[in-house]
*Asks:* 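First, the structure itself, so that you have it in front of you.
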Number of protein chains: 2
Amino acid sequence: MKIAVIGVGLIGGSMALKLKAGGSASYIFGVDMNTVHLKTAKELAIIDEISTLENAVENSDLIILAIPVDVAKALISIVLDLIKPHQTVMDAGSTKAGIVESIKDHPNRSRFVAFHPMWGTENSGPEAAVSNSFSGRAAVICDRENSAEDALNTVENVAESLGMHLIYMSAADHDLHTAYISHISHITSYALANTVLEKEQEEETIFQLASTGFSSTVRLAKSHPEMWVPIFKQNRENVLDVLNEHILQLNKFKEALENKDFEMLSDLISNANKIRGILQK
Amino acid sequence: MKIAVIGVGLIGGSMALKLKAGGSASYIFGVDMNTVHLKTAKELAIIDEISTLENAVENSDLIILAIPVDVAKALISIVLDLIKPHQTVMDAGSTKAGIVESIKDHPNRSRFVAFHPMWGTENSGPEAAVSNSFSGRAAVICDRENSAEDALNTVENVAESLGMHLIYMSAADHDLHTAYISHISHITSYALANTVLEKEQEEETIFQLASTGFSSTVRLAKSHPEMWVPIFKQNRENVLDVLNEHILQLNKFKEALENKDFEMLSDLISNANKIRGILQK
C-alpha cells in the first residue's frame, strides 16, 4: 500500500516508521509546509519521497493527515475533492467534531475515517518520531457509520499494524471525553509552569530542585501553541466546562488550607487517590 | 557504620538498600509502627534486624528518620534525648522549618542534619523501595551552620553514597522553593483527579482513553494523605501563596477561552513553554 503522509512531524513520522517497518506501507510520500522537516524526514528514511500534495494524493492508496487540527479542517475538503473512489483518507487529530462537521455534505465523505491515536509527547518534528510509539495504546474511530466499509477496514488495519486497540464513539463524545482525559491536563500543566515562572524568580533553583514529580506534572507545558491553540479553539466549550470544574476543585483545596481544615484536606486527597484504581484497572 | 532506619517505607527502604549495596552500612536496624512493613522489609533484606526505637538508636552510628513530617517533628526531640555525642541524626522530610524550629534549643541540636532527597514516587511501603532511586538527583541540606562538622560530614557521605548532588540553603528558603517545585504539583494533580472523577462518570472511558499525558499529570494524585496532609500543614502559608497564584494563572486561560482571545491563549502557552529551557539546562 502506498501512503501519503501529510505532516511529517511527531505523529505522522512515527506512523510512517511503524507502517514501513511492519510492511503495511510499500512507499511513503511526504508532504509538509515545513521544508526543513521534509528534508529531515527523508534523511531519517521516514519517507521515501518529498512530494507535492497533489502528486502524493494522486499516487497513494491511503492519505494520512497528521497536522494541527485547524489546518486539517481547512485541508480535508481539498483532499476529498482530489481523491478517487478507491482511496481512503484518515486524520490523527485531537478534536473530531469540527472536522467531521466541515465535510458532512461532501460527496466523498464516506472515504474519510476520523481517527485519533491516544499518544503524543511534548516534543515535535520528524526527529522526535519513534517507530513503536503507538504500541499498546488506544485509538479512537469516530462516527464509523459515515465511513465506507472498505475505508474503515483500511484504517482498522493501520491501527492493528500500529499495535493499537480501537474504541468507537461519536465525534461529539470523543471531544467531551478528551477534554477530561487530555485537554485539561495541558491547561493545568501550562498554568503550573506559568505559576512557577511568575513566582519563582530563581531559575537556577527551579533547575536544581525540580523533582521527578514536578517534571512529570509540568512535562506537557512544553507542548507548542501551534498544535494546542487550534485544539482548544475547536473544543472550547467542553474545555471551558472542565476548566471551571477544575478551578472549583482547586478552590476546595484553598478553602481547606485557609480554614486549617485538615480533615477536609485529607478527604479531598483520599477522593483523588481513587484515580489509582481506575488507571490501573 | 551501623544505621537505624526509622520508617522502612519507600524512602527509608530505598536509602537502606543503596547504603547496604555500596558498603556504607554494615548493619541496619529497622523501626516502624507498621509491623507488616517491618516484616516485609526484613524479608526483602532491606533491614538486618527488626528493632525497637530505643535499641536501634542505642546501637547505631547514624539514625535516619524517614517518616511523615508530623511524626518526624514529634519524634526528633525524643531521638535527640536518647543519643550520645558521637551519633548523628538525619531526616528525609519534605518540609524543614517545622522540624528545625522544634529542636532549636535542644542541647543535642548540632547532632541533627536536616536533609531532603528530591526524589519520590506515588507509591509507598518497603515493597516500593528501589536501590538506585536517588542516583543523579538533588538533595538539600538545611541550616548547615547549626550542625556539627562531623555530623554534616556523615550526612554528606550518605548523599554521595546515594549518588546525589548537594544543595545548601536555609530551612525557610527550602520550604518556599519546595512549595513551587513539589507541593503545588501535588495539589494540581489531586484537583485534576477530582475534576475528572466528578465530571467523567464513565470510569471505563477514563481507563480506556487515558493517554500518557493524562497519566503523567495525574500520577501524583495517587500519593497518600498520611504523607501529604502533614506536609501541607507544615508548609501551609507558602503553599497557599503558590496556590493563589496558580488559580490566578488558570483564570487567565479561562478568560482567554471565554473571550475567544486565542492570541492571549497563544501567549500564555508560549510563556509556559519557557519551562523547557529551564528544566533542560
Side-chain angles (χ1 to χ4, degrees), chain A residues 118 138 167 177 180-182 185 187-200 203 205-214 216-222 225 228-229 232-233 236 240 243 245-247 249-250 253-254 257 262 265-266 269-276 278-279 281, chain B residues 118-119 138 167 177 180-182 185 187-200 203 205-211 213-214 216-222 225 228-229 232-233 236 240 243 245-247 249-250 253-254 257 262 265-266 269-276 278-279 281:
Chain A
M118 300 300 291
I167 306 168
H177 292 308
Y180 294 109
I181 301 306
S182 165
S185 300
I187 291 192
T188 301
S189 203
Y190 289 132
L192 182 63
N194 285 344
T195 301
V196 173
L197 292 167
E198 180 69 28
K199 297 276 276 185
E200 175 66 276
E203 286 196 3
T205 314
I206 302 178
F207 169 64
Q208 286 183 323
L209 285 185
S211 61
T212 45
F214 180 71
S216 86
T217 321
V218 94
R219 181 173 69 81
L220 302 179
K222 302 173 184 172
W228 280 93
V229 170
F232 295 136
K233 198 169 175 176
R236 194 180 71 92
L240 257 177
L243 180 54
E245 176 69 31
H246 184 52
I247 292 172
Q249 291 294 339
L250 277 170
F253 281 87
K254 180 182 165 176
L257 284 168
F262 299 110
L265 189 62
S266 182
I269 293 176
S270 295
N271 190 64
N273 287 170
K274 288 181 196 155
I275 204 77
R276 180 186 284 266
I278 294 171
L279 287 182
K281 257 204 288 211
Chain B
M118 299 300 289
W119 176 84
I167 307 169
H177 292 310
Y180 293 110
I181 300 306
S182 165
S185 301
I187 290 194
T188 301
S189 201
Y190 289 132
L192 182 63
N194 285 344
T195 302
V196 173
L197 292 166
E198 179 69 29
K199 296 277 276 186
E200 175 66 275
E203 287 195 5
T205 313
I206 301 178
F207 169 65
Q208 286 183 323
L209 286 185
S211 60
F214 179 73
S216 86
T217 320
V218 94
R219 181 174 69 81
L220 303 178
K222 302 173 185 173
W228 280 94
V229 170
F232 295 136
K233 199 169 175 177
R236 194 181 71 92
L240 257 178
L243 180 54
E245 175 69 30
H246 184 52
I247 292 171
Q249 293 293 340
L250 277 170
F253 280 89
K254 180 181 166 177
L257 284 168
F262 299 111
L265 189 62
S266 182
I269 293 175
S270 295
N271 189 65
N273 286 169
K274 290 180 195 156
I275 204 77
R276 179 185 284 266
I278 294 171
L279 286 184
K281 260 203 289 210

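Just so it is clear: chains get the letters A, B, ... in the order the sequence lines come, proteins before strands, and each one is counted from 1.
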*Asks:* So which part of A/Leu243 gets closer than 4.5 Å to some heavy atom of chain B, the side chain, the backbone, both or neither?
*Replies:*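 Contact with chain B involves the side chain of A/Leu243 alone.
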*Asks:* If you count heavy-atom pairs under 4.5 Å with chain A, which of B/Ala138, B/Ser189, B/Ser266 comes out on top?
*Replies:*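 Highest number of pairs under 4.5 Å: B/Ser266.
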*Asks:* Which residues satisfy the ring-ring contact (aromatic ring centres under 6.0 Å, His included) test with B/Phe232, sequence neighbours excluded?
*Replies:*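 For B/Phe232 the ring-ring contact (aromatic ring centres under 6.0 Å, His included) partners, ignoring immediate neighbours, are B/Trp228.
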*Asks:* Quick one: does B/Leu197's side chain get under 4.5 Å of A/Ile278's, heavy atoms only?
*Replies:*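 They are in contact (side-chain heavy atoms under 4.5 Å apart), so the answer is yes.
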*Asks:* Quick check on the interface: out of A/Val229, A/Ile167, A/Thr195, who has the most heavy-atom pairs with chain B under 4.5 Å?
*Replies:*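 If we count pairs closer than 4.5 Å to chain B, A/Thr195 comes out on top.
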*Asks:* Compare every heavy atom of A/Pro225 with every heavy atom of B/Ser270, then report the nearest pair and how far apart it is.
*Replies:*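 Closest approach of B/Ser270 to A/Pro225, heavy atoms only: OG-CG, 3.6 Å.
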*Asks:* Do the ring planes of B/Tyr190 and A/Phe253 sit parallel (below 30°), tilted (30 to 60°) or perpendicular (above 60°)?
*Replies:*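 Because their plane-to-plane angle is under 30°, the rings of B/Tyr190 and A/Phe253 count as parallel.
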*Asks:* Mind listing the closest non-hydrogen atom pair of A/Glu245 and B/Glu198 along with its distance?
*Replies:*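 Minimum heavy-atom separation between A/Glu245 and B/Glu198: OE2-CG, 3.1 Å.
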*Asks:* Only counting residues at least two apart or in another chain, list the ones meeting side-chain hydrogen bond (donor to acceptor under 3.5 Å, both in side chains) with A/Asn273.
*Replies:*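 Result, side-chain hydrogen bond (donor to acceptor under 3.5 Å, both in side chains) vs A/Asn273: none returned.
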*Asks:* Against chain B, label A/Leu257 side chain, backbone, both or neither, depending on which of its atoms sit under 4.5 Å from a heavy atom there.
*Replies:*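 For A/Leu257, the contact with chain B is made by backbone and side chain together.
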*Asks:* Working to the nearest 0.5 angstrom, can you tell me the gap between A/Ile187 CD1 and B/Ile269 CD1?
*Replies:*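 Taking CD1 in A/Ile187 and CD1 in B/Ile269, the distance rounds to 7.5 Å.
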*Asks:* Is chain B contacted by the side chain of A/Leu250, its backbone, both, or neither, given a heavy-atom distance below 4.5 Å?
*Replies:*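 Contact with chain B involves both backbone and side-chain atoms of A/Leu250.
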*Asks:* Answer yes or no: is there a side-chain heavy-atom contact under 4.5 Å between B/Val218 and A/Ser185?
*Replies:*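 No, every pair of side-chain atoms sits at 4.5 Å or beyond.
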*Asks:* To the nearest 0.5 Å, what is the distance between CG on A/Leu240 and NZ on B/Lys254?
*Replies:*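 Separation between the atoms: 8.0 Å.
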*Asks:* Give the member of B/Asn194, B/Thr188, B/Asn271, B/Val196 that has the highest number of heavy-atom pairs under 4.5 Å with chain A.
*Replies:*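 Ranked by heavy-atom pairs under 4.5 Å with chain A, first place is B/Asn194.
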*Asks:* Between A/Leu192 and B/His246, what is the shortest heavy-atom contact and its length?
*Replies:*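 Looks like N-CE1, 3.4 Å.
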